[in-house]
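Start at 1 and go down the list; that is how both ligands and their atoms are numbered. A quick note: this is a predicted structure, and the numbers were derived from the prediction, not measured.
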Amino acid sequence: MSDHYVKVKVQLEQMKSSGEVVEKEEADIIEDEVPVASPPASVSPIPASGTPVAQRETSKTSVTCRNRSKSRSKLGKDEKNTCAKQESDPALQGTIVASNANSGKPMNRIDNDRQMLQIKGTGKILQGETEANGNTVPIQPPKDIKVSPHNKEDANKVAKRRKPVTVDTLKAKTSLEALKLSIRQLKWKEFPMGRRSACDIYWHGVSFHDNDNIISGQVNKFPGMIEMLRKINLTRAVRTMQELFPEEYNFYPRSWILPEEYQLFSAQISLAKDSDASLKPTFIIKPDGGSQGDGIYLIRDPSDLRVIAGSHTKQSVVQEYIHKPLLIDKLKFDIRLYVLVKSLEPLEIYIAKEGLSRFCTEPYQEPSQKNLSHVFMHLTNYSLNVQSGNFVHSDSLSSGSKRTFSSVLYRLASKGVDIKKVWSDIISLVIKTVIALVPELKVYYQADIPSGKPGPTCFQILGFDILLMKNLKPVLLEVNANPSMRIEHEQEVSPGVFEYVTSPVDEEVKVGVIRDTLRLMDPAQKKSPTSYPEHQQEEMLGSPVRGPGEEGRVLPSMCLKQVFPKYTKQFSYLRTVERITALFLRFLGVKGNMRLGPTGFRTFIRNCKLSNSHFSMATVDILYIDITRRWAGMLPDSREAGMGLQAFVEAFFYLAQRRFKSLPLREQVVSLLEVCEAQLDNQGKGDLGGALPEDSTSSTRRSVSCSRTQPGRSHHPHHTSTSTPGQALSAPQLCSPATPRRASSQDYRLHQRLRPTHKGNVEN
Ligand code: ADP
């Protein structure tokens, strides 16, 4: 056991004995990279609204204020001020404190909760220290931040002078309620019916294309995100990464794409069963565009698929079923975590420190032929389980069928689980998944918002669904492009009478996520991003709320925690496909296009000097046709001709493999990337005469001039290049060039540009 884990274990022991955990900076949680002795700060999820449970009295009052504000006529000025004052109270930050309702320590607002979490954020200005009696005392701001009264006054003056940020909520759909609360808390200006002149932020309920007339500001959706997160495309994106980094991407269950991989699926499973007779696997079938558990079912053998699905033409993913999930109260549960992709270039990722845990409503048993159809036992979807008579709506954050993730972590910590490791693994899973998605998202981005043309910038909140295995390893189930931000649910308040009531758990988590996303997207923050140390970002984000009469009111500390670029060092070597994408985009040429034509592909080969007498341009053309046709054949209704990114990646892997035979795939690919990048760099330095082929055309030059910034060249520490730039490829075999490498399921790759389904936000 490493020193790090010993230390964490000791901390957990301390927590168990004293009811208090002081956790270190999140930098600690990425293993091996973190200084063991960093100062105590937050690490584990905190209530997303940034309001520690220690302040639940405040929180409760805030809720009351919000509730009252629904009937505006009743809300007097004094009440408003009371709310503002309460929200400005410094948060108790940095600790998780177990507390007993009778101990005299800070109390949970929920009557039945005997134990509670008291977890702090990281804002240094707001930071407090816990006294022995559990009260919070403000501490001095760090020395490197000057917060003189004079500066405060200045800040207030600036805040007063600034116009409020404007938000167009016309298309917000089911997020509207949480969004309105957030805007109100920030004292920003909402335009519920849209606005003739431009707004700073546009909040779309479904897709980037909800409103295609936006030419400035920021939209809360990326083009292509819905398409990328469909089950098949997510599987493909992760699979590409699994080919390069099998160990790093083993958090995604083994999956096959139906119908095209049925034979492969069937063959692989019977082979596995033949070699181990005791093997009794279970598989879960998920329709490609499905959500909320719709159309999902379990099978025990590939042959069952035929019986159930008949002519299995429906596009779906069949996945290894995780049959030993972690249980709490004998129930299976999953975790919904909210992740903000703040920007693609540079890549910025934030994770909400609080999430939801959604519980099944029937005690779990390992799958058997008898219980395969028991959805309340096997599927954690809220939308399904809420229909069960056993579903428990609770006002508590830590009981019932939907709870906060932090309450689950607390339960686990109290049983001695290394929750720090769990959280660290989850962060790692999230970063790796986003890294897998970014390449294709960049292609969509360039097609929809070409550089040089006026257009908005984008950000997006994603909903990650994660299952913890019995051994505590997190598994990625899916990522939702439109996670439900609804905070109300229908409830039978008396027999036969249904009303929409606010769910405390949803409000706690979702309002915090939206509000803090807005804070991060505040146009005034744009010049203050990641180049600043994190504590300074926190300070800036915790700056006084704008708006008349609100000077000095301080928002809760951020519930969103930056994880990238913060952990760049640990993850940048995984961004290999992004570097291939930079080449693809460079040679794509025509704006608005997502497919590379044969000329673009030839130009790529020429400019990177990948051809020679053994690898002629005629061979290049055959390679292009072969791969492109195979992909098109798998997608007969494809409207765009040409080579998509995934086909290009396949071609690139093939070229790399041909050239650097003896290396593992990832090193082959990185070596070829270095060759290409070196060639293009030379050309960029004016070495055009030598670098361009003899028949270099004007289209070649045009393509090169369309180039964008390449993603940071990240080199895996263990990588060593074995080639010299300009070393040419040997001739490929002309039929099915990719086959040698992709002898398995990868032979059936399919590039799909699926149109948005325009389905609404869903609560899974
Ligand atoms: P949907 O989009 O329809 O909700 P999911 O992929 O989220 O589809 O699956 C629905 C539910 O099925 C999940 O919430 C989880 O409880 C269960 N589930 C999904 N995949 C697996 C798996 N590989 N192993 C075990 N349970 C799974």
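In the vicinity of I284, heavy-atom distances shorter than 4.0 Å reach the ligand 1 atoms 12 (O), 18 (N), 19 (C), 20 (N), 21 (C), 22 (C), 23 (N), 27 (C). Heavy-atom proximity to G290, at under 4.0 Å, picks out these atoms of ligand 1: 2 (O). Close contacts between ligand 1 and D334 involve ligand atoms 14 (O) [criterion: under 4.0 Å to a heavy atom]. Within ligand 1, the atoms closer than 4.0 Å to a non-hydrogen atom of I296 are 3 (O), 8 (O), 9 (O), 10 (C), numbered from 1 in the order shown.
Counting heavy atoms from C-beta on, the side chains of P223 and Y445 come closer than 4.5 Å.
Taking each of K332, R336, H378 in turn, the one with a heavy atom nearest to atom 26 (N) of ligand 1 proves to be K332. Around atom 24 (N) of ligand 1, the closest heavy atom drawn from L234, L476, I322 belongs to I322.
Only the backbone of E320 comes within 4.0 Å of ligand 1, counting heavy atoms alone; no side-chain atom from C-beta on gets that close. Only backbone heavy atoms of Q292 (N, CA, C or O) come within less than 4.0 Å of ligand 1; its side chain stays farther off. Here N480 has no heavy atoms under 4.0 Å from ligand 1, in either its backbone or its side chain.
The aromatic ring centroids of H378 and Y321 lie less than 6.0 Å from each other. Between H204 and H209, the ring center distance fails the sub-6.0 Å criterion. Between Y444 and F208, the gap from one ring centroid to the other reaches at least 6.0 Å. Residues Y350 and Y338 place their aromatic rings such that the two centres sit no closer than 6.0 Å.
The cationic atom of K402 (NZ for Lys, CZ for Arg) lies less than 6.0 Å from the six-membered ring centre of Y382 and within 45° of the ring axis.
Considering backbone and side-chain atoms alike, K231 places an N or O below 3.5 Å from some N or O of ligand 1. In terms of polar-atom proximity, G293 is counted as a contact of ligand 1, with an N or O under 3.5 Å from an N or O of the ligand.
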Verify side-chain contact (heavy atoms from CB on, under 4.5 Å) between I284 and V318, making sure each step is shown before the conclusion. CA-CA 6 Å; I284 183 164; V318 56; over 6 Å; no

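Considering L372, I299, I322 in turn, L372 is the only one that fulfils the side chain to side chain contact (heavy atoms under 4.5 Å, CB included) rule with T282.
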